[in-house]
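Quick notes on the structure that follows.
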Amino acid sequence: MAVITTVEQIGEFVGETVTIRGWLYNKRSSGKIRFLQIRDGTGTIQAVVVKKEVSPIAFAASDTLTQESSLEVTGTVRADSRAPGGYELMVRNIEVIQVAEDFPITPKEHGPAFLLDNRHLWLRSAKQHAILRIRSHVIQAAREYLNREGFILFDAPILTPTACEGTSTLFETDYFYGERAYLSQSGQLYAEAGAMAFGKVYTLGPTFRAEKSKTRRHLTEFWMLEPEVAYAELKDILSLAEQLVSHLVLSVLTHRTEELRVLERDESKLKSIVPPFPRITYDEALDILRQQGVSHEWGNDFGTAEDTLISQQFDCPVMITHYPLTAKAFYMKTAPDNPDVALCVDVLAPDGYGEIIGGSQREDDYQTLLKKLEAHKLPREPFEWYLDLRRYGTVPHSGFGLGIERTVAWICGIRHLREAIPFPRMLQRIYP
RNA sequence: UCCCCGGUAGCUCAGCUGGUAGAGCGGGUGGCUGUUAACCACUUAGUCGGCGGUUCGAGUCCGUCCCGGGGAGCCA
């Protein structure tokens with residue numbers, strides 16, 4: 001019995017006979033020789049079937065194989081510069097598990113609608129594979145970093161009794177006995193309760209926005225990482241944000257080089273992502289816009305065009321702080337030296353990838369928070385528990401939300417968010 | 001909700017001022033001992049998004065509806 005291994009590990013078995021279990025990615029044939037590109041989930045390897053070196057049954061089997069047929073191949077590992085990947089398998093035997101029906105996704109071009117209809121199969125192609133491995137790594141690296149910094153994972157509920165921020169549109173569903181429930185659009189308020197209990201916490205989970213957004217920067221269901229820290233002021237989470245983001249980038253650069261190569265990502269741009277990130281205020285951002293010939297009224301949040309213009313001035317993600325209160329959520333703390341601006345930050349990724357982080361120092365005074373709720377015309381009852389946090393040992397605290405898909409899309413250098421999550425949920429699409 | 005673009009073979013697309021549908025890929029058959037989205041030959045392949053209208057005649061023109069893509073607003 002040959003040892004069963006993976007393509008990823010194949011380099012350790014040069015000269016030995018191993019078995020790879022996988023699927024046929026592509027096939028080329030030429031007379032008495034067959035080249036099988038086999039993928040096993042960890043990578044792709046070329047298996048060479050030479051007629052005189054395998055049984056007639058095995059050779060005939062190699063001819064019946066269609067794209068994505070499942071098979072076990074046993075052969076000798078050989079380093080060969082002619083093979084993509086550097087190693088190839090000289091086949092001794094082929095065990096066909098299933099001859100697949102005609103696979104819809106061929107090695108040629110396809111349109112986005114077709115690919116999205118076949119997302120469950122599209123996931124097998126090299127580029128999608130690379131993106132999703134990087135996504136997995138980004139999440140792993142984020143958790144690794146936060147755990148090391150003393151954070152604990154604090155899961156927020158997905159079914160909630162009301163809006164967290166009260167602004168965005170919510171997905172509504174029936175709860176029991178005529179009650180309504182809403183899918184969470186942020187775990188933040190719950191994370192604040194966690195921070196008061198544990199000091200440093202983070203939530204990581206799906207969030208839902210029923211906005212009729214129809215752009216490549218939006219999904220209706222997306223994942224968010226939300227650290228929340230007790231006794232932290234705005235400057236503390238600015239530092240946390242730049243440390244976290246640069247750690248994610250460095251970790252992908254170090255551990256996912258093959259995937260970045262598949263994606264043809266310009267790595268030099270990622271290598272320049274090192275702290276400290278530029279920090280500017282909203283007012284300074286307005287100055288930049290003015291220099292670019294764009295006038296923007298004070299008090300309005302920036303739109304996509306403004307975000308892009310500002311981020312283009314920097315190689316690193318830029319941290320914009322002190323937005324007008326009018327443009328931001330009710331829970332943000334007002335700057336002590338300026339009653340019109342919030343102690344908040346938006347982090348814009350370079351190259352027009354947009355906002356990857358939104359955060360703030362939270363309002364920690366009971367009476368002030370109450371007034372802010374009223375000013376935003378939000379009902380008091382659903383927020384009683386949240387107000388309690390300001391009645392029982394309130395402290396300054398801050399946190400932010402990092403959009404996983406936007407971060408992954410930026411690191412991967414892909415145009416559209418839909419490829420940064422296994423099964424994207426969008427305005428016009430919930431299948432498959 | 002608004003603005004732009006699109007819907008023709010399984011897939012990607014071409015199809016001119018209206019004259020009855022075509023290429024590559026995929027599938028099938030055959031050939032080739034080192035292929036790299038292999039190649040060569042032959043072959044298969046259609047309710048031209050739906051409905052209605054104009055016309056001798058509509059993939060093509062008009063109306064309308066459906067579906068998809070991109071963008072705005074909103075946001076991560």
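Chain A is the first sequence line, chain B the second, and so forth, proteins listed ahead of strands; every chain is numbered from 1.
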Record whether the side chain of [X] comes under 3.5 Å of the base of [N] through a donor-acceptor pair of N or O atoms.
X	N	value
A:E101	B:rG10	no
A:H110	B:rC11	no
A:R406	B:rC75	yes
A:R78	B:rG34	yes
A:S213	B:rC74	yes

What's the closest nucleotide to the side chain of [X] if the choices are [options]?
X	options	value
A:F35	B:rA76, B:rU35, B:rG68	B:rU35
A:R28	B:rG69, B:rA37, B:rU35	B:rU35
A:K214	B:rU33, B:rG69, B:rA76	B:rG69

Using modelled atom types and a 3.5 Å cut-off, is there a donor and acceptor pairing between side-chain atoms of A:R425 and backbone atoms of A:L219? no
Closer than 3.5 angstrom, by distance alone: can the side chain of A:S251 be matched with the main-chain N or O of A:L248 as a donor-acceptor pair? no
Within the structure shown, what part of the strands sits under 4.0 Å from [X] by heavy-atom distance: base, sugar-phosphate, or nothing?
X	value
A:R418	sugar-phosphate
A:R34	nothing
A:E226	nothing
A:I105	nothing
A:F114	sugar-phosphate
A:L219	base
A:T66	nothing

Rounded distance in Å - CG (A:D102) to C1' (B:rA9): 14 Å
Can you tell me how far P in B:rU47 sits from the matching atom in B:rG22, rounded to whole Å? 16 Å
A:H255 vs A:H137 aromatic rings, parallel, tilted or perpendicular, using cut-offs 30° and 60°? tilted
Looking at A:R78, I'd like to know if its CZ atom is crowded, meaning that more than 12 non-hydrogen atoms belonging to other residues, nucleotides or ligands lie closer than 6.0 Å. yes
Got a salt bridge between A:R39 and A:E68, using NZ or NE/NH1/NH2 to carboxylate O under 4.0 Å? yes
